[in-house]
Each structure stands twice: as structure tokens, then as C-alpha cells.
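Sequence positions, counted from 1, serve as the residue numbers for this chain. This is a predicted model, so every value here is computed, not measured.
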Amino acid sequence: MKRIIKLIVNAGVDETLDILQRAELRTLNRISLYVLFIAVAMTFCMTYFVQNHAWFILTVSFVELLLLASVLALNSVQRFAFAKQVFIFNTSFIILLLVGYYGISSNYHYIAPISFLCLLYLFREGSRSDFYTILVNLTMCLGGVLFVYLTDFSIVQLNPEELRVSRLGAYISATMVTISIGSILFVNSRHRFEITRKHLQHLSGRSKMLTSISEKLDEGLFKASSSNGLEIVNDSFVKIFGYRSQEEMVKVNPVLIYDDLQQRDDILDTINKVGSVHNLLVKYRKKNGTLFYGRLSCNKILETGQDKIVGIVTDVTHEQEQNDRIQQSERRLKEAQRIAKLGDFRLFDNHNKAPFWSEEALRIHGFETNEKTPGLQIIAAQLEHMSYDDFRNQCEHSKKTQKAVEFGDWYTDTKGIKKYLKYKIRFVDHVEGQNKNHWIGTVQDISESKKMEDEMEGNTRFFQHILNQAPLEVALLDSDFKYTFLSEQAVTNKDIR
């Protein structure tokens with residue numbers, strides 16, 4: 001029997017409902033079940049003592065059983081709002097039925113205030129529509145009772161004996177309803193109190209666990225609001241900003257911990273619009289005025305009707321300084337490449353994959369850095385003597401010999417400027433995390449030196465021609481006393497010379 005009652009009481013209750021909804025639903029089912037038992041018991045008693053009106057009592061009991069069964073059935077299929085309306089309507093309908101049949105002298109109208117007070121208490125945490133439903137049914141019930149009182153209306157006239165039995169039945173009904181509903185609400189309150197206690201214990205355990213974790217974190221955790229500023233911080237947050245205690249930290253105006261107030265305003269605007277910021281680099285100020293870099297991630301939450309900001313700050317000063325040094329080195333490298341007119345590039349074994357050209361390499365070939373990356377075919381087409389196949393053959397030679405190859409050629413860039421470019425390429429197959437079949441190389445604009453070299457070669461040939469024509473035997477030696485030039489007059493035999 002207990003198992004059946006438990007199943008009826010828990011009809012429609014599942015984990016998708018919150019704790020208050022589950023408690024309200026169980027209470028409603030329990031009241032419906034107990035009132036159903038009371039109705040059955042009162043039916044047997046009243047039909048025994050007031051046999052002349054047995055048909056009416058049976059009719060009322062049948063309607064009551066039907067309505068209460070409907071409430072339980074609706075709850076079981078989770079039609080909670082409709083079940084509430086049927087339950088509230090049932091109260092006013094049965095009271096009006098009894099008062100209209102027996103008359104005002106039967107005292108059944110005294111059940112109305114007790115029942116509606118219980119309904120107000122039962123649905124005190126419900127929606128506004130629940131309150132309006134109770135108010136409408138209470139008004140309807142009071143209006144009906146007032147009509148019966150003013151007109152002295154009744155369907156039947158009770159004799160003195162029947163009147164005493166009727167009043168006793170009304171008294172017993174009101175008493176049983178009061179005791180039953182009071183007991184149910186008391187049991188439900190104890191149940192809710194126990195659930196709340198366990199929930200608080202669970203939250204307390206989680207709070208202790210989170211507090212323990214936050215104390216061991218190197219990152220600074222905080223909660224803040226627009227009205228109160230910092231509210232909660234952990235020890236790491238205090239340590240990062242150079243303060244002595246959490247109490248001292250929460251008293252600090254948040255404006256003072258930012259180096260750039262405009263950045264702070266931008267962060268707050270982003271949080272208000274988007275609801276969060278993630279991994280944002282912020283320049284903060286410590287208590288002693290020292291500046292440092294921090295990564296900020298935070299979210300906006302709603303707590304007790306007020307917007308709060310919870311987040312985490314990580315000190316990344318060391319990493320940021322390293323990044324700054326790396327970026328500075330990259331800038332210096334680019335500047336050195338620009339001065340030396342030296343660029344780097346990567347070519348891939350997959351011909352469909354676009355090569356990589358550094359900014360200076362693109363600039364040397366006459367392309368802008370914001371243009372689409374040119375393919376090797378486009379570059380090779382601008383060379384004077386070499387073709388694309390020749391360029392690729394040089395790459396394959398480097399791959400076979402595992403040595404760097406150097407070659408040069410005149411190149412006409414996209415602006416029509418003619419340059420002499422020197423390429424140096426080497427095959428690489430051991431770089432971790434990169435495509436193994438690729439080449440790395442450099443390209444350098446040596447137009448000026450090439451022109452000077454060509455000019456020197458021309459001058460050398462000119463002076464050699466003059467010395468060959470002069471009636472002199474001329475021999476030139478280097479520092480190792482090796483011949484570098486012999487005139488035709490000195491050695492006439494061409495093969496020997």
C-alpha cells in the first residue's frame with residue numbers, strides 16, 4: 001500500500017523540475033489523495049446518517065473523485081498548470097454544491113476560507129496566474145454563498161435532526177481538511193528543510209573544495225560589481241598586485257589597478273555588450289606602481305538581481321617580455337634584410353602548394369606584401385636566362401647531393417626594373433613539425449656589385465688587350481708568385497700562355 005501511495009504522490013515528478021516545483025507537485029498530489037480518502041469516508045458516514053439524501057451525497061462524491069483523479073492524471077502527464085486550475089476549481093465547485101443544496105444553515109460555507117487560505121499557502125511560490133485563478137474561484141465561491149445567504153436559497157429543507165447531522169458533517173469535514181492539509185504541509189516543510197539542508201551541505205562541500213583549489217592556483221580569481229568594485233579575491237590575486245591581504249585588496253578602487261583607463265572602459269563595454277572577454281592582454285599596475293602584463297578572462301553573471309563579473313587574471317609579464325624581445329629581433333632581422341636586400345623563401349615538393357616568401361623576398365621580386373603570394377612559375381618567367389624547369393632542376397640537384405646550390409640571373413620585376421638576383425637553395429628533410437619535402441633558400445639583390453664586377457671584367461679585358469698590343473713582354477704575378485697574366489709578346493704560344 002505504501003508503495004502505491006508513493007507512486008501516486010510522485011506522479012509527474014522527474015529530475016527536469018527544480019526542487020521547489022518537485023515539492024509543490026508532491027504536496028498537490030498528496031492533498032488530492034488524502035482529500036479523496038476523506039471524501040470516501042464522509043460518503044459512507046453521511047449516507048448512513050442522512051439516508052434521504054444518499055443520491056446527492058453519492059453524486060457529490062462521484063464528482064469529487066472524478067475531479068481529484070483528473071488532477072492526479074494531469075500531473076502524471078506533466079500538465080501541471082491545467083491540474084492546478086482543476087484542483088482550485090474543485091474546491092469552489094464542491095462548496096457551492098453543498099451550500100446550494102443544504103442551504104446556508106448547514107455551515108458548509110465555513111470550509112471555504114480554510115480551503116482558500118491553504119491554497120494561497122500551497123501556491124505562494126507559484127506564478128501570478130496561479131494567484132489570479134485562486135482569486136477568481138474565491139470570488140465566485142463567496143458570491144455564490146452571499147447569494148444563498150441573501151435569498152435563503154436551498155434545494156431541500158432539512159429537519160432539525162438532519163440539520164444537526166449536516167452541521168456535524170461540515171464541522172468534521174472542515175476539521176479533517178484542516179488537520180490533513182496542515183499535516184501534509186508540515187511533512188512537506190520538513191522534507192523541503194531536509195532537502196535544503198543536504199543541498200547546503202553539498203554547496204558547502206563544493207565551496208570548501210573550490211576555496212582549496214583557488215588557494216593553490218597561481219592565477220588570480222576575483223568577483224566584482226559595478227557598485228561595490230572588488231568583492232572577492234583569492235590569495236594569488238592579492239600577491240599578483242602586491243597587496244598584503246584580501247581585506248586590503250577589496251578596498252582598492254579597481255581604477256587604480258589599470259595602467260590605461262581607456263582600456264578598462266573598453267573592457268567594461270565589451271562585457272556589457274558581449275557578456276565576456278577571453279585571454280585579453282591587459283597592462284596592470286601593482287601597489288608600488290610597477291607595471292606588469294596580465295591575461296584577463298571574465299564573464300558577466302546575474303546574482304541576486306545584480307550584474308557581477310567573475311574572472312581570472314594570469315601574470316604573463318615574463319612571457320610578454322620574451323614575446324617583445326622576439327618581435328624586436330624579428331623587426332631587426334627584417335631591417336637587416338631590407339638593408340642587405342636579402343630575403344628568404346620556402347619551396348615545396350608539391351608543385352600545387354604555393355611557396356612562402358618573406359616580406360623582403362616579395363619586395364625584391366617587385367611584389368607588395370599585401371598581394372596574393374606569387375607562384376614559382378611567375379617568378380621564373382621574369383628571369384632572363386633561366387626557365388622554371390631550370391629553377392626546379394637546381395632544386396632537385398640540391399635534393400640529390402644534399403648540398404646547397406647557388407645560381408644567379410637577371411630579373412625584371414613587375415615595375416620593369418632590372419635586377420641581378422642571387423639564389424641559394426638547400427633541401428631540408430629533418431625539420432620537426434614541417435613538411436619534410438621542402439627547400440629553404442635566400443634571394444639577394446646584388447645588382448650593384450654585379451654591375452661593378454662586369455665593369456671590372458670589362459676594364460681587365462681592355463687593359464689586357466692594350467698590353468698584348470704593346471711591344472713589351474709583360475708578366476703579372478700574385479702574392480704567391482704565381483702568374484696571373486702573360487702578354488702575347490712574353491709567350492707567343494697560345495697553349496703555353
Side-chain angles (χ1 to χ4, degrees), residues 18-19 196-331 432-433:
D18 60 41
I19 184 173
T196 304
R197 185 182 64 83
K198 290 180 180 180
H199 187 61
L200 289 175
Q201 286 180 346
H202 176 68
L203 291 178
S204 177
R206 290 185 61 184
S207 177
K208 290 178 181 178
M209 179 186 68
L210 294 175
T211 302
S212 176
I213 292 173
S214 68
E215 289 174 352
K216 293 178 174 60
L217 289 176
D218 293 330
E219 292 81 5
L221 306 179
F222 70 93
K223 182 174 79 171
S225 66
S226 57
S227 58
N228 300 325
L230 292 171
E231 295 182 354
I232 300 175
V233 295
N234 67 344
D235 291 336
S236 296
F237 191 92
V238 175
K239 183 179 179 181
I240 288 174
F241 286 91
Y243 287 85
R244 291 176 297 179
S245 65
Q246 297 180 9
E247 291 76 13
E248 182 184 11
M249 186 78 243
V250 296
K251 293 178 181 178
V252 176
N253 190 330
V255 174
L256 300 178
I257 66 176
Y258 286 86
D259 177 56
D260 187 354
L261 297 183
Q262 182 60 47
Q263 186 182 26
R264 177 179 181 270
D265 294 338
D266 294 340
I267 292 172
L268 293 177
D269 288 340
T270 303
I271 293 173
N272 289 328
K273 292 177 182 178
V274 182
S276 63
V277 294
H278 298 286
N279 204 30
L280 182 65
L281 184 65
V282 183
K283 203 170 187 180
Y284 289 108
R285 185 185 301 275
K286 293 189 177 184
K287 180 181 179 181
N288 60 6
T290 305
L291 300 179
F292 72 96
Y293 288 100
R295 289 283 179 185
L296 172 67
S297 296
C298 60
N299 294 294
K300 183 172 69 172
I301 63 172
L302 187 64
E303 185 179 279
T304 62
Q306 186 179 8
D307 288 336
K308 306 280 187 178
I309 299 174
V310 293
I312 182 171
V313 175
T314 306
D315 188 352
V316 293
T317 304
H318 180 67
E319 292 84 350
Q320 187 61 31
E321 289 175 350
Q322 286 183 332
N323 290 337
D324 290 343
R325 286 193 290 269
I326 292 173
Q327 291 176 3
Q328 186 177 11
S329 298
E330 290 178 350
R331 287 194 296 269
E432 185 178 354

Could you pull out all residues at least two apart from Arg295 that satisfy salt bridge (charged side-chain N to carboxylate O under 4.0 Å, His left out)?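 Testing Arg295 for salt bridge (charged side-chain N to carboxylate O under 4.0 Å, His left out), a comparison that skips the adjacent residues, returns none.
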
Not counting sequence neighbours, which residues clear salt bridge (charged side-chain N to carboxylate O under 4.0 Å, His left out) with Lys223? List them please. Glu303

Pairing residues for Asn299 by the side-chain contact (heavy atoms from CB on, under 4.5 Å) criterion, not counting sequence neighbours: Ser276, His278

Ignoring hydrogens and geometry, is there a side-chain-to-backbone donor-acceptor pair from Asn253 to Leu256 under 3.5 Å? no

Do the side chain of Asn234 and the main chain of Glu219 share a donor and acceptor less than 3.5 angstrom apart?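 Indeed, once roles are kept as given, a pair shorter than 3.5 Å links the two residues.
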
Do the ring planes of Phe241 and Phe292 sit parallel (below 30°), tilted (30 to 60°) or perpendicular (above 60°)?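 Rings of Phe241 and Phe292: perpendicular, as their planes differ by over 60°.
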
From [X] [atom1] over to [Y] [atom2], what is the distance, rounded to the nearest 0.5 angstrom?
X: Asn272; Y: Asp307; atom1: CG; atom2: CG; value: 7.5 Å
X: Ser225; Y: Lys300; atom1: OG; atom2: NZ; value: 13.0 Å
X: Leu280; Y: Ile267; atom1: CG; atom2: CD1; value: 5.0 Å
X: Leu221; Y: Ile232; atom1: CG; atom2: CD1; value: 10.5 Å

Taking side-chain hydrogen bond (donor to acceptor under 3.5 Å, both in side chains) as the cut-off, I'd like each qualifying pair that reaches into residues 279-290, sequence neighbours left out, listed once.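 Applying side-chain hydrogen bond (donor to acceptor under 3.5 Å, both in side chains) to every pair that reaches into residues 279-290, excluding sequence neighbours, yields Glu248-Lys287, Asp259-Arg285, Asn288-Thr290.
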
With sequence neighbours excluded, what pairs up with [X] under the side chain to side chain donor-acceptor pair (under 3.5 Å) test?
X: Asp266; answer: Gln262
X: Thr270; answer: none
X: Asn228; answer: Glu231

Residue list, ring pair (Phe, Tyr, Trp, His ring centres under 6.0 Å) with Tyr243, at least two apart or on another chain: none

Could you go step by step and tell me if Met249 and Ile257 meet the side-chain contact (heavy atoms from CB on, under 4.5 Å) rule? CA-CA 10 Å; Met249 186 78 243; Ile257 66 176; 4.1 Å; yes

Do you know which two heavy atoms are closest between [X] and [Y], and how far apart they sit?
X: Gly229; Y: Pro254; answer: CA-CG, 3.9 Å
X: Val233; Y: Val238; answer: CG2-CG2, 3.9 Å
X: Cys298; Y: Ile271; answer: SG-CD1, 3.4 Å

Determine, step by step, whether Tyr258 and Val282 satisfy the side-chain contact (heavy atoms from CB on, under 4.5 Å) criterion, reporting the C-alpha distance in whole Å, the side-chain angles of both residues, the deciding distance to 0.1 Å, and the verdict. CA-CA 8 Å; Tyr258 286 86; Val282 183; 3.8 Å; yes

From CA spacing to verdict: side-chain contact (heavy atoms from CB on, under 4.5 Å), Leu302, Gln306: CA-CA 6 Å; Leu302 187 64; Gln306 186 179 8; 5.7 Å; no

Determine whether Leu281 and Tyr293 satisfy the following criterion, side-chain contact (heavy atoms from CB on, under 4.5 Å), listing intermediate values before the conclusion. CA-CA 7 Å; Leu281 184 65; Tyr293 288 100; 4.0 Å; yes

